[in-house]
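Please read these numbers as outputs of a predicted model, since none were measured by experiment.
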Amino acid sequence: MSYHNPVLLHPSIDNLVVDPAGTYVDVTFGGGGHSRAILEKLTTGRLIAFDQDEDSHANLIEDERFQFVPSNFKNLTRFLQYHKAYPVDGIFADLGISSHQIDTPERGFSYREDGVLDMRMNCQSGISAKELVNEYDEAQLSRVFYTYGELSEGRRLAQRIVKVRAEQPIETTFQLADALRPCLPKGKENKYFSKIFQAIRIEVNKEMEVLESFLTQTVDALKPGGRLVIIAYHSLEDRMVKNFMRAGNLNGEVEKDFFGNPLTPFKLIARKPIVPDEDEIMTNPRARSAKLRVAEKILVEPHEIND
């Protein structure tokens with residue numbers, strides 16, 4: 001796949017498709033690699049795919065069992081109901097950004113390529129990274145770096161941006177990298193740039209808010225016995241997914257009934273996250289940080305929590 005090499009392809013699909021005649025959702029269509037693999041496992045089933053990025057339209061699949069929704073997956077419930085596909089047998093999400101987005105300089109996602117700071121998944125809506133970098137005040141920038149990049153140096157980075165942009169707007173990825181390089185430890189620049197660009201991208205696309213909205217919708221969107229399969233790439237996403245699958249809420253605290261039985265809508269299919277093996281990492285280095293988690297909506301009665 002030149003657009004995007006699908007990560008953890010076989011574990012994802014094997015855990016997702018439990019009924020070849022069922023209805024499934026791929027909320028991160030991208031290059032269509034996972035969607036094509038889902039369709040290969042379906043007989044009379046149906047697949048609905050979401051993607052807000054216009055570039056993904058070039059990868060649409062000609063198959064009568066396939067329905068594409070050009071929208072952010074925060075709108076999961078609304079569009080599944082509209083297409084009379086609610087509830088479904090399985091929901092899949094491959095979070096993060098695609099290889100195509102990273103490797104397209106004009107999208108502004110990568111510090112390794114020079115391009116206008118944009119970073120929007122949907123180029124037609126929201127603020128761009130250029131607007132964020134040049135318009136957020138010091139406190140806002142510091143919050144972004146600390147919260148979404150988990151950078152203790154957030155305030156120092158924010159101060160540096162404010163100082164540099166006072167002399168000239170920061171409009172490209174290389175300009176941002178050059179502005180912040182003096183603040184970074186020698187020999188660790190790439191590690192820090194990855195976190196800085198991640199933080200800005202998450203804020204631009206409101207990724208954590210979108211993920212929160214999506215997860216809460218999956219409880220009712222899944223049939224009893226339906227599977228929720230999610231690949232996450234950084235600790236913020238993975239922590240939220242783990243908490244939700246374990247407890248049915250975002251803080252991970254399991255509620256119990258009067259008799260002490262756990263009140264959670266899911267049971268964990270995999271006790272620990274599934275990660276790529278050495279062969280996959282060798283052929284696709286961007287899979288290195290991927291963690292796949294799988295949960296199944298319980299049928300009727302609450303179950304015992306897996307630690």
Side-chain angles (χ1 to χ4, degrees), residues 1-17 22-42 45-104 107 109 119-126 201-202 204-207 210-211 213-215 217-218 221-222 226-233 237 241 284 286-287 290 292-294:
M1 295 291 294
S2 59
Y3 188 98
H4 182 69
N5 190 4
V7 175
L8 291 166
L9 180 62
H10 297 299
S12 299
I13 308 309
D14 290 345
N15 279 288
L16 177 71
V17 181
T23 298
Y24 294 88
V25 185
D26 178 354
V27 299
T28 49
F29 177 71
H34 287 99
S35 282
R36 287 179 172 83
I38 293 171
L39 287 169
E40 288 178 2
K41 298 208 81 172
L42 299 184
R46 181 183 181 191
L47 173 64
I48 299 174
F50 286 67
D51 206 303
Q52 63 181 329
D53 190 339
E54 287 189 357
D55 287 357
S56 68
H57 297 186
N59 307 312
L60 297 185
I61 303 168
E62 293 186 9
D63 190 310
E64 62 182 7
R65 301 168 299 168
F66 177 79
Q67 175 75 49
F68 182 73
V69 177
S71 175
N72 189 300
F73 57 75
K74 68 182 180 182
N75 300 312
L76 177 70
T77 296
R78 178 158 63 94
F79 281 102
L80 290 184
Q81 291 176 335
Y82 176 79
H83 290 291
K84 296 180 173 57
Y86 190 87
V88 298
D89 296 277
I91 300 173
F92 170 75
D94 182 5
L95 305 175
I97 55 178
S98 70
S99 298
H100 169 78
Q101 290 167 328
I102 295 173
D103 295 336
T104 305
R107 299 298 296 272
F109 282 104
M119 299 195 198
R120 289 175 294 175
M121 301 288 190
N122 181 348
C123 296
Q124 306 303 316
S125 67
R201 190 200 81 223
I202 291 174
V204 164
N205 295 286
K206 306 300 180 188
E207 292 178 31
V210 168
L211 179 57
S213 174
F214 161 70
L215 287 172
Q217 292 176 66
T218 62
L222 280 168
R227 294 286 180 89
L228 179 60
V229 178
I230 300 178
I231 302 174
Y233 294 87
E237 291 175 336
V241 171
N284 184 15
R286 288 172 179 165
L292 169 68
R293 295 187 184 274
V294 185

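When each of Ile202, Leu211, Ile231 is tested with Glu237 by the rule side-chain contact (heavy atoms from CB on, under 4.5 Å), just one qualifies, namely Leu211. A side-chain contact (heavy atoms from CB on, under 4.5 Å) with Tyr24 holds for exactly one of Val88, Ile48, Asp89, Ile91; it is Asp89.
Atom-to-atom distance recorded for Leu16:CG and Arg227:CZ is 8.5 Å, nearest 0.5 angstrom. Within the model, atoms CG of Asp103 and CD1 of Ile97 stand 9.0 Å from one another, a figure rounded to the nearest 0.5 Å. Put simply, CG on Leu80 and CD on Gln67 are 10.5 Å apart, with the number rounded to the nearest 0.5 Å. Between the CZ atom in Phe109 and the CG atom in Asn205 there is a gap of 6.0 Å [rounded to 0.5 Å]. Summarising the geometry, atom OG1 belonging to Thr28 is positioned 9.5 Å from atom CD1 belonging to Ile230; distances are rounded to the nearest 0.5 Å.
Considering only residues two or more places apart in sequence or on other chains, Asp63 meets the side chain to side chain contact (heavy atoms under 4.5 Å, CB included) condition with Leu39, Ile61, Arg65, Phe66. Applying the side chain to side chain contact (heavy atoms under 4.5 Å, CB included) test to Val210 and every residue at least two apart in sequence or in another chain returns Asn72, Phe73, Lys74. A search for side chain to side chain contact (heavy atoms under 4.5 Å, CB included) contacts involving Gln124 returns Glu54, Asn122, not counting sequence neighbours.
Considering only heavy atoms from C-beta on, Val204 stays 4.5 Å or farther from Met121 through its side chain.
In terms of heavy atoms, Phe29 sits closest to Asn59 at CZ-O, 3.2 Å. Across all their heavy atoms, Tyr233 and Arg286 have their closest contact at CE2-O, 4.1 Å. The minimum heavy-atom distance linking Leu9 with Pro6 is given by the pair CD1-CB, 4.1 Å. Minimum heavy-atom separation, Leu76 to Ala221: CD2-CB, 4.1 Å.
Remark: the backbone N or O of His57 is not paired with any side-chain donor or acceptor of Asp51 at under 3.5 angstrom. Put simply, the side chain of Arg107 gets close to the backbone of Arg120: a donor and an acceptor are under 3.5 Å apart. Of the possible polar contacts, none joining the Arg293 side chain to the Leu228 backbone as a donor-acceptor pair under 3.5 Å is found.
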- May I have the step-by-step check of side chain to side chain contact (heavy atoms under 4.5 Å, CB included) for Arg201 and Gln101, ending in yes or no? CA-CA 12 Å; Arg201 190 200 81 223; Gln101 290 167 328; over 6 Å; no
- Tell me, with the steps shown, if Leu95 and Phe214 meet side chain to side chain contact (heavy atoms under 4.5 Å, CB included). CA-CA 12 Å; Leu95 305 175; Phe214 161 70; 5.6 Å; no
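Between Tyr82 and Phe79, the ring planes are perpendicular. Angles over 60° get that label, and only those under 30° would be called parallel.
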